[in-house]
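Only one structure is covered here, and it is reproduced in the block below.
So you know, we letter chains A, B, ... as the sequences are listed, proteins then strands, and number each from 1. Atom set for the values below is all heavy atoms of this structure, side chains included, hydrogens, waters and symmetry mates excluded.
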Amino acid sequence: MSIKVLIPTPLRPYAGKQSIIEVNAQTVGEALSDLVARHPDLRKHLFSEDGKLRSFVNVYLNDEDIRYLNKDATPVKETDTVTIVPSVAGGR
Amino acid sequence: MAPLIDSSQATLSNEEILRYSRHLIMPEVTLEGQKKLKGARVLCVGTGGLGSPLALYLAAAGVGTLGLVDFDVVDYTNLQRQVLHHTSDVGRLKLDSAIDKLIAINPFVEIKRFDTYLSSQNALEIISGFDIIADGTDNFATRYLVNDACVLSGKPNVYASIFRFEGQASIFATEAGPCYRCLYPEPPPPGLVPSCAEGGVLGVLPGLLGVIQATEVIKLILGAGEPLIGRLLLVDALAMRFRELRVRKNPECPVCGANPTVKELIDYNQFCGIRGEESEASPSAKIPEIQPEELKRRLDAQEDIFVLDVREPHEYQIVNIKGHLIPLGDLPTRVHELDSSREIVVHCKSGARSAKAVDFLRKSGFKRAANLTGGILAWADRIDRSLPKY
Ligand SMILES: [Zn+2]
C-alpha cells in the first residue's frame with residue numbers, strides 16, 4: 001500500500017528536493033527500501049555500509065520511534081506516516 | 001516532580017513587584033512563582049542564535065541568576081539572527097555585548113560570565129553552580145558534552161537545535177526522562193551533516209526555538225504546565241507546522257541507563273571524530289591544492305586553466321570568479337561537460353566541497369584537477385578585496 005515518508009530538510013537535496021515522498025510498503029523496512037530505491041543518493045545518509053540504519057538517524061512511525069516498536073518489521077497502514085529525523089546540532 | 005528551585009531566600013523589592021506585575025497576577029505564577037524565578041540559576045551555553053532570545057527573555061522574566069558561557073567574538077554574519085548583538089558590537093566579545101543588553105533589560109539579574117569554551121575539564125564545575133542548563137551550542141561534541149554533564153550532575157538540559165528552517169526542542173536529563181543519548185546514541189561522522197555555517201539558517205528560526213527553550217526553562221522553574229520531557233518537538237517554519245514525537249528513556253543508554261558505561265566526562269572531540277580543523281576537508285590529505293596567488297598569476301599569464309565552481313547557483317549569484325558552475329551534487333551526472341585533458345582548478349566557498357569534487361574527479365580520470373585552497377573566501381581576502389564575502 002502507499003504511505004507517506006516525511007523527509008527532513010538536511011536530506012531533501014538527496015531526495016529530489018521533496019519533503020514528502022509516497023512509497024509502497026507493508027512494513028517500515030519496506031518503506032525505507034522503496035525510498036532509497038527511488039532516491040539512491042539517500043542510501044548512504046540513512047544506512048551504513050553493512051545496511052544498518054545509522055545511529056544518528058531516527059525513524060518514527062507516526063509519533064513512535066520504531067526502535068520501540070518492531071523496528072524494520074513494524075507493519076504500516078494506509079494512513080500512517082513515516083518520519084525520518086536526523087540529529088542536527090546547529091544553534092549559533 | 002519535586003520543586004527544582006529553593007525560593008525561600010528570595011525577596012522582591014517594590015520596584016521588582018511593579019516590574020513583574022503581569023506575572024504576579026497570573027495564577028500560574030503569583031508572587032511565589034516570581035520568587036522561584038528570582039531564586040533560579042540558569043546556565044545558557046552559548047550566546048548566539050538560540051542563546052540570544054533565550055537569555056533576553058529569561059532576563060526579562062526575572063530569572064535571578066543567569067550564567068553565560070561563550071568565547072566567541074561578534075561578527076557581521078551573526079547580526080542576521082543573534083539579536084543580543086548590535087552592529088556596533090562587531091569585534092567585541094559576545095559575553096561583553098550580551099551582558100550590556102541583559103543588564104539594560106533587567107538590572108536585577110545577576111550575571112555570571114564564563115569566558116571559555118565548555119570542555120570536559122570545566123563543564124562539571126561550571127554546571128555545579130546552576131539549577132537548569134539551556135543548550136544553545138552549535139556542534140555535536142558540545143551537545144554530547146552538555147548532555148553527559150547534565151546527566152552526571154542531575155540537572156535538566158533544556159535543548160534546541162536548528163538547521164535552515166527546521167528546529168528540534170526537548171528537555172533531557174531529568175530524573176525520570178530520557179537524555180540526548182537516549183534519542184541519538186551516537187553523533188554523525190564529521191562532514192555528513194552540514195552545519196549552519198555551511199547550510200545556512202533562517203534568521204528568525206533560532207528566535208522561535210530559543211523562545212521555546214526559554215518557555216520550558218520558566219515552566220521547569222515554576223513547576224507549571226506540561227514540560228517537554230519525553231517529547232521531541234519538531235518545528236518546520238517554512239510549512240509552519242509543529243509536530244511532536246515520543247522520546248523514551250533507553251534502559252540501555254550508556255550514560256543514563258541502568259548500567260551506564262559513561263561515568264565521567266570523556267573526550268568529546270574524539271567521540272565525534274574530530275581531530276583538529278582539517279576534519280571538514282578530510283579527503284584533502286591526498287588532494288593537490290593550488291594557492292589563490294598562484295592561480296591568479298597563472299590566469300594572468302593566460303595559461304590554459306579551467307576554473308570549476310561546485311557551489312550552488314544561489315551562492316554563485318552572491319559572488320563568483322566566472323568559473324563554470326556545476327554544483328557538487330550534480331557533478332556525477334554532468335561530468336561530461338569537462339575536458340579531462342585540461343588543467344582544472346575547482347573551488348567552492350571555503351574548500352571543503354571542492355576537495356570532495358577534486359577527489360571525485362581524480363577517481364574519474366581527471367588527473368589534472370586541483371583544489372583552490374580556502375575557496376572563494378580566500379580569493380576575496382587575498383586577491384580581489386572588492387568581492388563580497390558571505
Ligand atoms: Zn540516556
Segment of B:P185 engaging chain A (4.5 angstrom heavy-atom cut-off): both
Which portion of B:R231 sits near chain A, non-hydrogen atoms under 4.5 angstrom: neither
Side chain, backbone, both or neither of B:E186 within contact of chain A (heavy atoms, under 4.5 Å): both
For chain A, the option from B:N250, B:L205, B:L183, B:L234 that forms the most heavy-atom pairs under 4.5 Å: B:L183
Heavy-atom contact with chain A under 4.5 Å, split by part of B:R248: both
A:D65 CG to B:R246 CZ distance, which is reported to the nearest 0.5 Å: 10.5 Å
Proximity breakdown for A:D41 and chain B, heavy-atom pairs closer than 4.5 Å: neither
Taking every non-hydrogen atom, the tightest pair across B:Y184 and A:V85: OH-O, 2.5 Å
Distance-minimising heavy-atom pair for A:V88 and B:F163: CG1-CB, 4.1 Å
Within 6.0 Å of CD in A:E64, more than 12 heavy atoms from elsewhere: yes
Residues B:E166, A:R12: salt bridge by 4.0 Å N-O rule: yes
Worked check of side-chain hydrogen bond (donor to acceptor under 3.5 Å, both in side chains) between A:T83 and B:R243: CA-CA 10 Å; A:T83 306; B:R243 294 186 60 218; 2.9 Å; yes
Segment of A:L6 engaging chain B (4.5 angstrom heavy-atom cut-off): side chain
Within 6.0 Å of NZ in B:K249, more than 12 heavy atoms from elsewhere: yes
Test item: B:Q168 and A:P8 side chains (from C-beta on) under 4.5 Å apart, heavy atoms: no
Exceeds 12 heavy-atom contacts within 6.0 angstrom, atom CZ of B:R334: yes
Enclosure of B:Y316 OH (heavy-atom neighbours >12, cutoff 6.0 Å): yes
Contact leader toward chain A among B:L209, B:T47, B:L238, B:D72, where contacts are heavy-atom pairs under 4.5 Å: B:D72
